[in-house]
Amino acid sequence: MTLSQGLTTDIVIFVIPNTGYDWSLNRRLFNVATSRARRHTIIIADNNIITFNSPLIDRDVKSYLQKLNDEQSVYIPINSSDRIRDNQIIAKYPPINSHKDDELNRDAINSSITALPAYDDPCFIKTEVPKVEVKVVGFLDLEKIQTTKKKKTKSGCIYIIDTNIFVDYPDICNRLGKDNQIILSAKVVDELDKLKITLADEDKENVNKALKNLNRAIEQPNVVFEVANTQLLPPDFNRKSPDNMILSVALKYKSDNPILLTSDNGLQIKAKGLGLQTISLKEYLKGK
């Protein structure tokens, strides 16, 4: 997942190791891993992932994996008791004649299916390795199965919300409704977490309310949590600036014509200069 984190690509291959399922199948992390592809997501995992039980695994993730297993899975079995070498499978115990074994290894390079001759060693088991091929049995429509990441709806818009909006209007997510997609910048959450300590009492109350609302909203299918990708910023911009980190999140969705909701004039100027739409809280509320 490291290569595709924060990026959108045509195809994503998500490899889930057979250790640490609680981490790999965390709802938010799983959402990020399976929402980066424009066309297809390929998940590679052990077959026992379907039967893995843990109170930390979200039921929607389990349901998603079960649906994939039932309708769109390809299973390639591997006999763990054998040892694979040069397109061959040989017994756990090596044959007695090592010279003859070396000759067979060289011959196996030119063959996709090789069976070793039966040696006198009683531990030897004659085995063949079939040529493994991947058969495409269908295509997975992420728009229908996956609800945790959606493209812009027919009637809705994509909004990236600045920190100052949450301070002034903590109910903004509810105001935008479920028809619009909300992109929640990680830096915004980080700033709100700091402001709940440093602001005056009235504003501090708004920040705590905003964080409470976000904690509920993050579970909704129209809310996507995004980390910054400062590589998208022009070289003139300070990549450590919180505003620019939020701006980089908006740039990820530039092809979808997102709207940056901010009352910060400086951030509005930079966003407009990069071809992004912006609107202030006052303008938004007035328009509604």
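All values reported here derive from a predicted model rather than from experimental measurement.
Interatomic distance, Lys187 NZ to Ile246 CD1, rounded to the nearest 0.5 Å: 8.0 Å. Within the model, atoms CG of Asp243 and CE of Met245 stand 11.0 Å from one another, a figure rounded to the nearest 0.5 Å. Ile279 CD1 to Gln277 CD: the interatomic distance, rounded to the nearest 0.5 Å, is 9.0 Å. Expressed to the nearest 0.5 Å, how far OG1 of Thr278 lies from OH of Tyr284 amounts to 15.0 Å. Note that the CG atom of Asp162 and the OG1 atom of Thr262 stand 3.5 Å from one another [nearest 0.5 Å]. Taken to the nearest 0.5 Å, the CG atom of Leu274 stands 8.0 Å off from the CG atom of Leu233.
Side-chain contact, Lys270 with Asn244: a donor N or O sits under 3.5 Å from an acceptor N or O. Checking Tyr253 against Glu226 by side-chain atom types alone, a donor-acceptor pair falls below 3.5 Å.
Judged by distance alone, with hydrogens and angles left aside, the side-chain atoms of Lys272 form no donor-acceptor pair with the main-chain N or O of Leu267 at under 3.5 Å. Although no hydrogens or angles enter the test, the distance criterion places no donor-acceptor pair under 3.5 Å between the side chain of Ser63 and the main chain of Asp60. No donor-acceptor distance shorter than 3.5 angstrom exists from the side chain of Asn180 to the backbone of Ile158, with no hydrogens or angles considered. For the pair Ser280 (side chain) and Ser263 (backbone), a donor-acceptor distance under 3.5 Å is absent. With hydrogens and angles ignored, the 3.5 Å screen pairs no side-chain donor or acceptor of Gln181 with any backbone N or O of Gly156.
There is a path of hydrophobic side-chain contacts, each under 4.5 Å, that joins Leu276 to Ile182.
Closest approach of Arg175 to Leu285, counting heavy atoms only: NH1-CD2, 3.5 Å. Heavy atoms only, all atoms of each residue included: Pro258 and Ala250 are closest at CG-O, 3.7 Å.
Heavy atoms from other residues, nucleotides or ligands lying under 6.0 Å from CD of Glu205 number 12 at most.
Leu261 has its side chain within reach of Ile172: a pair of non-hydrogen atoms, C-beta onward, lies under 4.5 Å apart.
Ion pairing between a basic and an acidic side chain is recognised when a charged N comes within 4.0 Å of a carboxylate O; Asp171 and Lys209 show such pairing.
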